[in-house]
Amino acid sequence: MSREAVTLSVPNVAQWDDKKCHDFMVEVRWGSLNTVSCPHCGTIGKHYWRPLQKRWKCAGCGSTFSVTSGTVFSHRKRPLQDILASMLMWVNSAAGQPALELKRHFNTTYNTAFTWQHKMREALVRGYNVGLVSGDIEMDGAHQSGWRAAEKRGKPQGSRAVEADVDVKELTATMLTQTGRSKARTWKSGDRSDPEYGGRLPKDRRILMTVRKRFGQRGKGACATRVAVGLLETAPVAEAVMKSFVAIPESYLNTDNSPAYTEAGKRFQEHRTVEHAKTLIGPNGENNNQAEELNWRYDRAEKGIYLNIEPKYMLDYAAEIAFRSDTRRLPNGQQLRLAMNVALNVGESMFWRGFTRGRHRAVELVHPLPLPSKASGPPKGRHPVAAVNGMVPR
């Protein structure tokens, strides 16, 4: 809420000329306006600048490259002003930003806004949600997605206002029929069960695994976050997440009393647990409130902003929420620099080049191993009813 929290505004960025936008991205990517690195051969130095093309010619291999070559924004068609202004608006959104809103701000196609945002999320997955954390660590698994995750927006959700003369039992039966719950809850081969409570889990149910490092000072919250997605909150999944993100021997573990962390907790300096069925904080201060806070932020983004997150792309959205939570106390200009630095240094997009032409990610990124996943969204081509541009991807 302070003035110091805003060091860069969208009108300011929109007024930047091509040179200022270019210099900003060069400094964010390489830290210098003169010494740059060739994305083709890796030669670092002072390359030959071609001002008319706004490109360099490498002094080593002779290839030409621009400030967005070899980044998630490579092969761009929009000017740098649009990219910077859109990413600043994306950073400024406290809980998240719908692609439809970004489309309206820039008068562009929905597909363009949609892929812009997902390229940034992909960059955070590959460049921010990496590395080991150590110290006072909290972990928690939260159930996400579920019975009605596959329902499309705009369709009736099977609920209506209860009138005075309506039989409640009849209405409940009607609602179960409309939503398909009574049919969906029958057990089928391949169904998964909750390892802790034994209930059947829907096919779209995923567990968001959160790893957070405490700042160390009271009131400062967490300072580093790692997220992962699993099919179940079990010991093998927890072990895989810890192996990817936690330096175990020198760390302390704080969790709830889920059996998934019991064995792995023995290898930490200390394993503190809290029984949430009885209290949020144990008698000696045991808690995993920072991990719970990240789960709350994800719930707020999913239910209030994005509405229908596919399990296939849950990790992408979770990485975005983790970045927003970790940087929430930084000025927005610094947040933009951090996000753009990651996006400009993770290489070209692996999942979102050619997305609207049917080139989709073939796997779902879950721990401990990725799962094959079919293409998402509607069939490509023109909408069978509306004769405008075809259906947009989900």
Side-chain angles (χ1 to χ4, degrees), residues 72 98-100 109-126 129 142-155 157 179-181 183-194 200-209 227-234 236-237 240-241 298 301-302 306-321 347-386 389-394:
V72 296
L100 182 60
T109 64
Y110 182 87
N111 290 342
T112 298
F114 183 82
T115 53
W116 268 353
Q117 292 183 339
H118 270 290
K119 283 181 177 180
M120 182 61 75
R121 296 185 184 107
E122 178 193 348
L124 294 177
V125 170
R126 293 168 50 199
N129 190 50
H143 287 243
Q144 301 294 350
S145 190
W147 293 107
R148 309 170 78 173
E151 290 184 359
K152 294 182 178 179
R153 303 174 191 175
K155 285 191 174 182
Q157 298 298 302
T179 59
R181 289 186 177 186
K183 182 178 179 180
R185 286 181 176 175
T186 57
W187 283 80
K188 299 178 182 179
S189 60
D191 285 344
R192 294 173 290 119
S193 62
D194 190 318
R200 190 184 79 84
L201 298 177
K203 66 176 183 178
D204 291 329
R205 178 61 53 85
R206 298 293 184 270
I207 306 298
L208 176 59
M209 304 292 293
V227 289
V229 175
L231 297 179
L232 296 169
E233 190 178 8
T234 58
V237 174
V241 174
Y298 182 92
E302 181 181 30
Y306 299 125
L307 305 181
N308 185 16
I309 296 178
E310 291 185 69
K312 181 177 179 179
Y313 297 111
M314 183 180 294
L315 179 63
D316 304 57
Y317 287 93
E320 173 195 347
I321 303 306
E348 294 189 355
S349 174
M350 300 171 59
F351 310 132
W352 297 97
R353 285 182 297 163
F355 177 82
T356 56
R357 296 176 180 84
R359 182 182 175 184
H360 292 187
R361 189 163 72 194
V363 295
E364 179 182 349
L365 303 178
V366 298
H367 271 67
L369 294 173
L371 297 177
S373 180
K374 64 180 182 179
S376 58
K380 300 305 168 186
R382 298 178 69 85
H383 193 284
V385 178
N389 295 334
M391 291 181 65
V392 298
R394 285 178 56 198

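In this chain, residues are counted from 1 in sequence order.
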Checklist entry - Do the side chain of Asn111 and the main chain of Thr356 share a donor and acceptor less than 3.5 angstrom apart? => result no
Checklist outcome for this item: Tightest non-hydrogen contact, residues Ala113 and Ala99, listed as CB-O, 3.5 Å
Checklist outcome for this item: Sorted by chain and number, sequence neighbours left out, side-chain hydrogen bond (donor to acceptor under 3.5 Å, both in side chains) with Glu302 holds for none
Next on the checklist: Is the ring pair Trp352/His118 parallel, tilted or perpendicular, if the boundaries are 30 and 60 degrees?
Outcome noted: parallel
Checklist entry - Among all residues two or more places apart in sequence or in another chain, which pass the ring-ring contact (aromatic ring centres under 6.0 Å, His included) test with Tyr298? => result none
Checklist entry - Of all residues at least two apart in sequence or in a different chain, which pass the side-chain hydrogen bond (donor to acceptor under 3.5 Å, both in side chains) check with Thr112? => result Thr109
Checklist entry - Does Thr234 have any side-chain contact (heavy atoms from CB on, under 4.5 Å) partners at least two apart in sequence or in another chain, and if so, which? => result Pro195, Leu232, Pro236, Val237
Next on the checklist: Test side chain to side chain contact (heavy atoms under 4.5 Å, CB included) on Asn129 and Leu124; report intermediate values, then the result.
Outcome noted: CA-CA 6 Å; Asn129 190 50; Leu124 294 177; over 6 Å; no
Next on the checklist: Less than 4.5 Å apart, side chain to side chain, heavy atoms only: is that true for Ile207 and His143?
Outcome noted: yes
Next on the checklist: Applying side-chain contact (heavy atoms from CB on, under 4.5 Å), can you list everything that pairs with Arg359, at least two apart in sequence or on another chain?
Outcome noted: Arg353
Checklist outcome for this item: Here the gap from Leu231 atom CG to Leu201 atom CG, rounded to the nearest 0.5 Å, amounts to 9.5 Å
Next on the checklist: Measuring from atom OG of Ser145 to atom CD1 of Ile309, what distance do you get when rounded to the nearest 0.5 angstrom?
Outcome noted: 9.0 Å
Checklist entry - Got a sec, which residues hit salt bridge (charged side-chain N to carboxylate O under 4.0 Å, His left out) with Glu364, two or more places apart in sequence or on another chain? => result Arg206
Next on the checklist: Just to verify, which of Leu208, Asp204, Val229 counts as forming a side-chain contact (heavy atoms from CB on, under 4.5 Å) with Gln144?
Outcome noted: Leu208
Item to check | Distance (rounded to the nearest 0.5 Å) between Leu315 CG and His367 NE2 | outcome: 8.5 Å
Checklist outcome for this item: Separation between OG (Ser349) and CE (Met120), nearest 0.5 Å, reads 11.5 Å
Checklist outcome for this item: Across all chains, not counting sequence neighbours, the salt bridge (charged side-chain N to carboxylate O under 4.0 Å, His left out) partners of Glu320 are Arg121, Arg324
Next on the checklist: Can you list everything that forms a side-chain contact (heavy atoms from CB on, under 4.5 Å) with Arg361? Sequence neighbours excluded, please.
Outcome noted: Lys312, Tyr313, Asp316, Phe351, Val363, Leu365
